[in-house]
Protein chains: 2
Amino acid sequence: MATTEPASADRYHHGNLRAALLDSALEVLCEKGVAGFSMREAARRAGVSQSAPKHHFGDTRGLLGALATRAYRRLCDQVEAVELVGRDVRERIAALSAEYVAFARDNRALFDLMWRTSQFDFNDPDLIEQKHRALRALDRGLRGQDAQLPDGANPARVSSHAVWSLVHGYTILALEGAIDGDTSDPLTSDLLPAMLQLLDVSQTACDEPR
Amino acid sequence: MATTEPASADRYHHGNLRAALLDSALEVLCEKGVAGFSMREAARRAGVSQSAPKHHFGDTRGLLGALATRAYRRLCDQVEAVELVGRDVRERIAALSAEYVAFARDNRALFDLMWRTSQFDFNDPDLIEQKHRALRALDRGLRGQDAQLPDGANPARVSSHAVWSLVHGYTILALEGAIDGDTSDPLTSDLLPAMLQLLDVSQTACDEPR
DNA sequence: CTCGAATCTTGACGCTGAGCAGTTTACAGC
DNA sequence: GCTGTAAACTGCTCAGCGTCAAGATTCGAG
């Protein structure tokens with residue numbers, strides 16, 4: 001549980017409470033979902049009093065924010081790991097999409113939390129940075145063939161946003177059961193690849209925006 | 001407020017409490033969001049005791065479920081209204097997409113609720129029916145040129161699911177601020193149409209599912 | 001060693017959802 | 001018109017929640 005210290009049970013100062021609380025909070029979040037989350041429960045599982053989290057996270061929103069920060073970091077890491085492997089555009093996009101869906105499936109409550117910005121506030125600079133880092137990594141990885149274009153270039157942006165929107169929408173709808181996709185293994189499920197095939201990522205589009 | 005009866009303030013039996021509670025609950029939901037929703041508050045605004053809702057909705061999940069049912073019905077009605085007008089495939093899809101985004105923008109808390117199935121249970125047959133009705137209407141409207149195909153036909157399904165996924169994903173990401181799209185007027189904003197243009201809804205796809 | 005700052009506990013307040021007993025009303029049968 | 005039963009609603013109670021204030025304990029710089 002504790003990362004560095006054994007933290008013998010009866011010490012007044014925990015030593016590594018912030019990390020321990022994040023762990024127990026994640027546990028609670030996964031079990032009970034965003035709606036059923038409770039800060040007291042997280043504190044209880046970390047073996048500290050109910051108001052111990054206050055000093056580290058302020059309030060519940062702060063704790064959830066810290067959890068979301070960690071989630072963005074992990075997603076970004078996984079995305080970046082994939083990105084390096086693939087070479088061909090379609091192949092890379094397919095791999096990234098599968099990774100995205102897999103992340104959502106394996107960290108469902110966390111994935112839920114990430115796109116519910118009303119649950120936490122964005123005063124924490126670390127949160128902002130990690131979120132932007134993840135978004136940039138996704139945008140970079142999901143671009144079409146003109147991936148080398150400077151950041152402001154429109155067509156590539158449209159393309160990556162389209163792919164991301166499609167994958168994100170599919171992820172949610174499939175997990176919610178609105179679409180009959182097989183989320184248990186998005187790699188072998190053929191619905192997402194078939195849909196991506198409909199997206200012409202090679203064309204630059206925007207010739208006539210209307 | 002009350003739909004049929006004036007319900008003079010001091011009557012023991014409200015007369016139309018179920019509808020009144022749905023109204024006040026919607027009001028609370030819009031103001032406080034899904035997370036800050038409170039059944040007591042809804043009862044308070046309807047002018048009845050805290051436990052009055054129990055008889056009509058059971059518990060909070062039941063109330064939220066009833067709210068979601070109404071939301072599905074409204075979405076379906078709006079979708080069906082659009083569907084009849086457009087004739088050309090792309091034109092119809094564009095109109096439907098704009099309608100979808102507009103609905104989400106104008107009923108944000110409600111839209112949030114609709115895709116959070118963990119918040120309510122699906123024992124209510126009315127809820128199930130309205131949701132299926134809405135999904136079928138969307139699927140019908142968002143199909144490509146082969147819209148006449150029987151329901152089991154795969155390619156049309158893939159096409160409509162792709163469009164829906166893209167629009168749904170865009171809606172969420174744009175509303176969450178992750179994408180710089182203009183949700184204030186999805187009709188004139190050019191991001192969504194540009195993305196839809198990338199989706200080749202005319203081709204039947206699925207030639208090689210891999 | 002000392003003293004301030006950081007960390008954690010205890011106790012309290014008002015809020016929430018939920019269950020239970022009781023009160024008031026509507027209504028069908030006579 | 002009367003009565004009994006079911007429906008609709010109230011009031012009370014309980015446990016759990018987030019948050020705050022005050023106090024106890026420990027750390028660490030000087």
Side-chain angles (χ1 to χ4, degrees), chain A residues 1-25 27-29 31-67 113 118-121 123, chain B residues 2-25 28-29 31-67 113 118-121 123:
Chain A
M1 304 288 178
T3 323
T4 54
E5 284 269 350
S8 62
D10 50 352
R11 277 171 50 192
Y12 194 96
H13 277 26
H14 184 285
N16 201 13
L17 183 54
R18 195 190 145 88
L21 273 175
L22 278 178
D23 285 340
S24 60
E27 197 181 297
V28 175
L29 185 71
E31 283 181 25
K32 309 289 180 69
V34 181
F37 180 80
S38 147
M39 195 167 60
R40 280 173 117 108
E41 176 71 21
R44 217 174 291 134
R45 296 198 189 188
V48 293
S49 87
Q50 59 200 22
S51 45
K54 170 164 189 172
H55 192 264
H56 295 276
F57 302 102
D59 56 357
T60 307
R61 296 169 66 85
L63 177 52
L64 289 180
L67 231 42
L113 182 64
S118 57
Q119 295 280 6
F120 39 83
D121 40 32
N123 295 330
Chain B
T3 322
T4 55
E5 284 271 350
S8 61
D10 50 353
R11 277 171 52 193
Y12 194 97
H13 277 26
H14 184 285
N16 201 13
L17 184 53
R18 193 189 147 89
L21 274 175
L22 278 178
D23 285 340
S24 60
V28 175
L29 185 71
E31 283 181 28
K32 309 289 180 68
V34 181
F37 179 79
S38 148
M39 195 167 60
R40 281 171 116 107
E41 175 71 21
R44 217 173 292 132
R45 297 197 188 189
V48 293
S49 87
Q50 59 197 22
S51 43
K54 172 165 188 175
H55 192 263
H56 294 277
F57 303 102
D59 55 357
T60 306
R61 298 168 65 85
L63 178 50
L64 288 179
L67 231 39
L113 181 64
S118 57
Q119 295 279 5
F120 39 82
D121 40 32
N123 293 331

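Below, chain A is the first sequence line, B the second, and so on; all start at residue 1.
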Summary of protein contacts for nucleotides 5-12 of chain C, nucleotide by nucleotide, where a base hit scores B, a sugar-phosphate-only hit scores S (4.0 Å, heavy atoms): -BBBBBBB
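At whole-Å resolution of the value, CD in A:E41 and P in D:dG16 are 10 Å apart. One atom, CZ of A:R44, and another, P of D:dA15, lie 14 Å apart when rounded to the nearest Å.
Scored by the ring pair (Phe, Tyr, Trp, His ring centres under 6.0 Å) test, B:F120 finds B:F122 as partners (sequence neighbours excluded). Qualifying side chain to side chain contact (heavy atoms under 4.5 Å, CB included) partners for A:A42, counting only residues two or more places apart in sequence or in other chains: A:S24, A:A25, A:V28. Partners of B:Q50 according to the side chain to side chain donor-acceptor pair (under 3.5 Å) rule, which considers only residues two or more places apart in sequence or in another chain, are B:R40. Listed by chain and number, the residues in a side chain to side chain contact (heavy atoms under 4.5 Å, CB included) with B:S49 are B:S51, B:A52 (sequence neighbours excluded). Checked against side chain to side chain donor-acceptor pair (under 3.5 Å), B:R18 has no partners two or more places apart in sequence or in another chain.
Near DNA chain D, meaning a heavy atom under 4.0 Å from it, residues 57-66 of chain B has no residue at all.
For the OP1/OP2 pair of C:dC15 and a distance below 4.0 Å, the side-chain nitrogens and oxygens of B:S38 include no atom meeting the criterion. Side-chain nitrogen and oxygen atoms of A:K54 include at least one within less than 4.0 Å of the OP1 or OP2 phosphate oxygen of D:dC20.
Shortest non-hydrogen contact noted between A:F37 and A:L63 is CZ-CD2, 3.8 Å. Among all heavy-atom pairs drawn from A:V34 and A:L29, the shortest one is CA-CD1, 3.8 Å.
For residues 53-65 of chain A, there are no side chain to side chain donor-acceptor pair (under 3.5 Å) pairs, not counting sequence neighbours.
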